[in-house]
Peer 1: 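The structure is given below, and queries will be raised subsequently.
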Number of protein chains: 2
Amino acid sequence: MRPTPSTDTQRPPTITDVAREAKVGKTSVSRYLNGEFDSLSEALRLRIQQAIGTLGFRPNQMARGLKRGRTRMIGMVVADISNPYSVEVMRGVEAACQKQGFMLMVCNSDNQLELEKRYLDLLTNYRVEGLVINPIGLPEEDLASISNAGLPLVIIDRRAVHLQCDMVGLDNRQAAALATQHLLQQGFQAIHFFTEPIGQISSRSEREQALRQVVAAAGKGYSASTVELDMADSAALADALRKTLKSKKRSAIFAGNGRMLLNVALGLQQLGARWPEDIGLLGFDDPNWAALAGSGITGIRQPTFDIGHAALDFLVQRIDGIVSPARMQAFPGELIVRGSTGAPKNVTET
Amino acid sequence: MRPTPSTDTQRPPTITDVAREAKVGKTSVSRYLNGEFDSLSEALRLRIQQAIGTLGFRPNQMARGLKRGRTRMIGMVVADISNPYSVEVMRGVEAACQKQGFMLMVCNSDNQLELEKRYLDLLTNYRVEGLVINPIGLPEEDLASISNAGLPLVIIDRRAVHLQCDMVGLDNRQAAALATQHLLQQGFQAIHFFTEPIGQISSRSEREQALRQVVAAAGKGYSASTVELDMADSAALADALRKTLKSKKRSAIFAGNGRMLLNVALGLQQLGARWPEDIGLLGFDDPNWAALAGSGITGIRQPTFDIGHAALDFLVQRIDGIVSPARMQAFPGELIVRGSTGAPKNVTET
DNA sequence: CTGTTAGCGCATTCAT
DNA sequence: ATGAATGCGCTAACAG
């Protein structure tokens, strides 16, 4: 007996096939699939189980979704999947999804607004039951239209002003203040905040504001500056670094996120500058390589997994029909101190 | 006029709603949706367009999928999403998906075999049209059952022996040989391959074999050893490192992937060992922080994005019905030389 | 060019 | 305890 001919691409067996094979009605099979064993005789249950096995039947989720009006799918759109921060958040979301019986569709908008829109559309069309989004900018209009359409939505790492929807993220003010105080304590007098363009992005502006506030409160003699940089523009970065290194005061660079921290560190290295001897260095996200770079880089660790998990929990509550005003959950950041913010000492040679 | 009452969760408008609103038949709306404008009068087209707009109608992909028998969804299961390698591959797959009009569902099996199985099941139930998988071990049985069910499948970074399906990955032998030759040229005599448990995982064993082969060909005086380590077991790692550091010969550690490289570097740092002074260091994956660690770490860069892209191209060909024996595409690796494999010199003090 | 009809695979009344 | 019939939103014949 030779294998099935070219028509190897059999369409998958349907509930009807199972019913026929088991010599029962489709209804009974459906009941079996939904675990309604109370209303099934032992005999039927066994026949059905048998039939499903021999046919290799798998219930079509599309059809179920269509019928029940719920797909058990969650969509997630991430601004930059190559940022480990996003990946960690995603892991939290996924773990929570699994506990709750949802399937996660992840899309990477790759920092392109157009792509983000497209994915939002697509996910909507696929009738996901909820959306977790870490938006690029903050296309409040687009998001509003989604939210208004009744689709539950939770935003990560951004605070929307005009939009009524749940938000989860870091307590940026607390975290930035914590780090800035540390820098001042360590004797740094000029703090340079290196960030991607702040624009309308709340997490960035909150970090900047808190930084400035703490520095201002420290009195004169202390200064804060902000450098907005495009991640791709390494020339601009080098310029800014050179300028910063010339500062008379004891200076430190505060990187707005893990990627920026990487770029800054690489840039400093190329310029032959070392931390903390030539300049202090500290960044958000505490990437896993932070201990390796020179004498280690001080960082702010975010509870990324929890953030993702919390986001999905919010979402599921909405899906389950809870009504409540928009909520906001801000997790505290933790300061991990390493060599790059060591006390000023120019004594390297013994 | 107060806002819509509690029933704010309106079900989305359907094609029927549009048809009624535009005073046309559902068929015409369907035609409109599918771009069959040739068979639509200007008048109808406009009315439909109008109706879609005012209703905010979005075609239900589930229903379309059910009807047409194709969902335009691709499933991807990744063994470890927190490995940047996987993320980069995923970006390649996603980019290709978009070009081809597919939607990608990504799942992270988190190195748990059970989870992997579950996700494979789930994706199958959702009737994805193809599967890209970077398997944990190589559950050939499970994969075989999928493949035999007629679902196109492409495996990433693994070579399946008994399984007939397309594979995409690195040319592990070439890459490992290239790196090993470099180490020998640089004067290293004992090469220690640090890897996660090799098991049935072809990429790992191929790397090891190529390494041993090159070392063997170099003649006596040269030696190769393999250390298999669980990523979580830092004590075992420390032990292994201590042992390696005691070696009389000029030694180098060859890390089996980026994560292992990170752990090794951190471990060495904790032991106070430096590269290349105390030991040579080199690893697969060339992580983006490699230049920052000490005098930089030499790495093997993989064309991850291309790998992902190629995988999806293979997959789509299968989906489009191409019949051909299992194919295998192996991309070459590139050696990025940095300080960690510098020539042996114990002259650090001037 | 346009509309009517009949399912896609499944869950759900409603009978029996 | 079981099954027949109906419809979810959409596309694809098949008529006009």
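Numbered from 1 within each chain, the chains take letters A, B, ... in sequence-line order. All figures in this text were calculated on a predicted structure; none of them were measured in a lab.
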Peer 1: Is the closest side-chain heavy-atom distance between B:Tyr85 and B:Ile156 below 4.5 Å?
Peer 2: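 When only atoms from C-beta onward are counted, B:Ile156 and B:Tyr85 do touch, with a gap below 4.5 Å.
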Peer 1: Along DNA chain C, 5' to 3', what are the outermost nucleotides having an atom less than 4.0 Å from a heavy atom of chain B?
Peer 2: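 From 5' to 3', the first and last contacting nucleotides are C:dC1 to C:dG9.
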Peer 1: Under a 4.0 Å threshold between the charged nitrogen and the carboxylate oxygen, would B:Arg91 count as salt-bridged to B:Glu88?
Peer 2: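 Counted as a salt bridge, because a side-chain N and a carboxylate O are separated by less than 4.0 Å.
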Peer 1: Write out a two-atom table: protein N or O, nucleotide N or O from nucleotides 12-16 of chain D, distance below 3.5 Å.
Peer 2:
unit_1: D:dA12; atom_1: N6; unit_2: B:Thr27; atom_2: OG1; d: 3.1

Peer 1: For atom CZ of A:Arg45, is the number of surrounding heavy atoms from other residues, nucleotides or ligands below 6.0 Å larger than 12?
Peer 2: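 Enclosed: over 12 neighbouring heavy atoms sit under 6.0 Å from CZ of A:Arg45.
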Peer 1: What distance separates B:Leu122 CG from A:Arg58 CZ, expressed to the nearest 0.5 Å?
Peer 2: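 Between atom CG of B:Leu122 and atom CZ of A:Arg58 there are 9.5 Å.
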Peer 1: For A:Ala22 and A:Ala51, work out which heavy atoms get closest and say how close.
Peer 2: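 Looking at all heavy atoms of both residues, the shortest contact is CB-CB, 3.8 Å.
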Peer 1: Only one of B:Arg72, B:Arg70, B:Arg318 passes side chain to side chain donor-acceptor pair (under 3.5 Å) with B:Glu129; say which it is.
Peer 2: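 Only one of B:Arg72, B:Arg70, B:Arg318 forms a side chain to side chain donor-acceptor pair (under 3.5 Å) with B:Glu129, namely B:Arg72.
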Peer 1: Grab the OH-C1' distance between B:Tyr32 and D:dC10 for me, whole Å please.
Peer 2: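 Rounding to the nearest Å, OH of B:Tyr32 and C1' of D:dC10 are 17 Å apart.
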Peer 1: Apply salt bridge (charged side-chain N to carboxylate O under 4.0 Å, His left out) to residues A:Asp121 and A:Arg118 and explain how you reach the verdict.
Peer 2: CA-CA 5 Å; A:Asp121 262 24; A:Arg118 173 125 44 117; over 6 Å; no
Peer 1: Within a 6.0 Å radius of atom CD on A:Gln200, are there more than 12 heavy atoms belonging to other residues, nucleotides or ligands?
Peer 2: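 No, not enclosed.
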Peer 1: Under 4.0 Å, counting only non-hydrogen atoms across every strand here, what does B:Val29 touch: a base, just sugar-phosphate, or nothing?
Peer 2: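 No contact at all - B:Val29 keeps every heavy atom at 4.0 Å or more from the nucleic acid.
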Peer 1: Can you find a pair of side-chain heavy atoms, one from A:Ile48 and one from A:Ile52, that are under 4.5 Å apart?
Peer 2: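 Heavy-atom side-chain distance check passes, below 4.5 Å.
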Peer 1: Give the residues of residues 40-62 of chain B touching DNA chain C, defined as any heavy atom closer than 4.0 Å, sorted by residue number.
Peer 2: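 By residue number: B:Leu40, B:Ser41, B:Leu44.
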Peer 1: Knowing that exactly one of A:Ile136, A:Leu115, A:Ile81 qualifies, which makes a side chain to side chain contact (heavy atoms under 4.5 Å, CB included) with A:Asp110?
Peer 2: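 With A:Asp110 as partner, A:Ile136, A:Leu115, A:Ile81 yield a single side chain to side chain contact (heavy atoms under 4.5 Å, CB included), made by A:Leu115.
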